[in-house]
Amino acid sequence: MRQSRLFAQTYREAPAEAEAVSHRLLLRAGFIRQLAAGVYAFLPLGRRVLRKLEGIVREEMDRADAQELLMPAMQPAELWRESGRYSAYGPELMRLSDRHDREFALGPTHEEVVTALAREEIHSYRKLPVTVYQIQTKFRDERRPRFGLMRGREFLMKDAYSFDIDLEGLDQSYRAMYAAYERIFARSGLNVRAVEADAGTIGGEGGTHEFVALADIGEDTIVSCSHCGYAANLEKADAGVSEVAGTKTGQSAPMPERLYTPNVRTIEELANFLDVPPSGLLKTLIYEADGEIVAVLVRGDREVNEAKLQAFLRVAELAIADADAVARTTGAPIGFVGPIGLNVPIFADREIVEGDGWIAGANERDYHVRGVKPGRDFFVEATGDFRKAAEGERCMRCGEGTYRFHKGIEVGHVFKLGTKYSERLNATYLDGEGRKRLLVMGCYGIGVSRMLAAAVEQNYDEAGIVWPMSIAPFRVHIVPVSMQDDAQRELAESLYERFLSAGIDALIDDRDERAGVKFKDSDLIGVPIRIVVGKQAGQGVVEMKLRDGSGNAEVTAEEAYAAVLDRIWKQERANEFL
Ligand code: 9G3
């Protein structure tokens, strides 16, 4: 492609509201343009990267025997009513009506559509297992789109769905997709960790993993053990081995003693006022779970993990209670809430019941109590792991390593759905004995446009983007220093033609621009191999420069051409050993 004709321009600056590096660089380098909040156009450079990512995804899906479909973005509301999700999702589900006032949803995902297709196409166990996939635009009306492509309202997703006769079959389909994902991210040059994740609202038979691209800007926090292979999204991660706090007072614990704590409300204020560590305090939080009020107890220095709590309580809605609800439930304002005398179910984190001698709110304004003993002064409905794992604590799985936190961008997510959708949409097959059985499903997503942003977050320097070879918009950037110089122009053009005829995508900077501008733009756009055609063009000598800084040499045009083919061939060969 000729840069003099490129449908884009580069900018020295990005708009102030662009916070993420990838957002800033993709705008400045002319890869994307924002049309509205969370709505982007991919200009030619961006589209080329997207096509390469799609190509890798498609190759690996096909290699895993998945069959490519294309399902509509316009989904009849009836299907979402059948699945019960039309009302479950609020403003995030984009809805529209057609000219006959029939209601549609713009697809945020395709469980309903693919299950409706399966119930028409699959009737016998002989047709199973089967996995289908598509690479298609999704719509989710995010309340706060941000970080450019990372949280858009219209984005490109590869979503696959597997259909099996039973859970054992699902396990095999799930493993095949998991392996395909590992290859896809490796081939795309992304540094990705697979972690245990929280199934969230999609539900299903449990079992779900996220693929997280490590990046400081990532909205996901993953926990990994320094010793064993354990890794999980913080929303799901097991709490570590706890050194119990509270003051172990044993059986002869004195009865609770009331303390006058005027206006002392927060954990920090209480810890300072009484001169005790937060780990000796009880944090009592009041929640509304599917409309019912419950109390949750965690140690003062811990955070409630609401995803774990919601999964344990098996409720659809979980929200912290407001001040009025707290006052009605406990008779006290927030800040003086405690477990003693509460007439709502109490769910206590494991660490609470292991300790005693706690300090808690007295359920009376300006009062707390000391020496609280679980099982004597209050009783719990249940004990469980309701807290967030903490960085540095001992790993629950191996007991040797300690937890480390990493920020990351979720670029893939695989789920075992079981029969959740086939049951609701009555998608069945006849087994070997002629019995009607529900299809057992899995679903598997990759954020293709999000991968593009993650790749930039993991591959840039102060001068711009440093694309991995496998997904770069072009492999070679030919930069003649001056198009006015015949020798330089001719040598650059002949190299350009040779690469094109060899099927190697090359970009030539044939603009009448100063060398400095050309080199700045070349660094910004980030093509992996640059061939500068300068003063020694007359001798057939060019300068070959690798964008990742790993090489820089003066060679003949012939050698440059051969070197490029060689690097590409090596990179392709490397894929075979993945
Ligand atoms: C909705 C809206 C947003 C949503 C969903 C439904 C996320 C929804 C979960 C999934 C699960 C998997 C197949 C590909 C991989 C992910 N956000 N999810 O179901 F109506 Cl507005 O999409 N689906």
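In what follows, every heavy atom counts, from backbone to side chain, and hydrogens, waters and symmetry copies are set aside. Just so you know, ligand 1 is whichever comes first in the structure, and atom 1 is the first atom listed for that ligand.
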Heavy atoms only: which of Arg140, His413, Glu142 is nearest to atom 10 (C) of ligand 1?
Arg140
Is ligand 1 under 4.0 Å from a heavy atom in the side chain of His110, in the backbone, in both, or in neither?
neither
Trace of the side-chain contact (heavy atoms from CB on, under 4.5 Å) decision for Ile135 with Leu156
CA-CA 7 Å; Ile135 301 178; Leu156 196 62; 3.9 Å; yes
So which bit of Glu92 gets within less than 4.0 Å of ligand 1, heavy atoms only: side chain, backbone, both or neither?
both
Near Phe415, which atoms of ligand 1 are under 4.0 Å from a heavy atom of that residue?
11 (C), 12 (C), 16 (C)
Report yes or no: does Glu111 have a heavy atom closer than 4.0 Å to ligand 1?
yes
Could you tell me, atom by atom, which parts of ligand 1 come under 4.0 Å of a heavy atom of Asp159?
14 (C)
Please determine if Trp80 has a nitrogen or oxygen closer than 3.5 Å to a nitrogen or oxygen of ligand 1.
no
Counting heavy atoms under 4.0 Å, the part of Leu93 that contacts ligand 1 is both
State the atoms of ligand 1, each with its element, that fall below the 4.0 Å cut-off from a heavy-atom position in Thr109.
6 (C), 8 (C), 13 (C), 19 (O), 22 (O), 23 (N)
Element-labelled atoms of ligand 1 that are located less than 4.0 Å from some non-hydrogen atom of Arg85:
6 (C), 8 (C), 19 (O)
So that I can tick it off, tell me whether Asp166 and Arg437 are bridged by a salt bridge, with the cut-off set at under 4.0 angstrom between side-chain N and carboxylate O.
no
Taking 4.0 angstrom as the limit and counting only heavy atoms of Gly445, give me the atoms of ligand 1 inside it, by number and element.
14 (C), 15 (C)
Can a side-chain donor-acceptor contact be found between Tyr40 and Gln34 if the only test is distance below 3.5 angstrom?
yes
Within 45° cone of Tyr174 ring axis and under 6.0 Å: Lys416 NZ or CZ
yes
Under 4.0 Å between a Lys/Arg side-chain N and an Asp/Glu carboxylate O for Glu196 and Arg397?
yes
Would you tell me whether Asn191 and Arg193 have side-chain atoms, one donor and one acceptor, within less than 3.5 Å of each other?
yes
Looking at Leu50, Val456, Val49, Leu43, which hits side-chain contact (heavy atoms from CB on, under 4.5 Å) with Phe31?
Val49
Under the side-chain contact (heavy atoms from CB on, under 4.5 Å) rule, collect the residues that match up with Ala20, sequence neighbours excluded.
Ser22, His23, Phe147, Met150, Ile217, Glu457
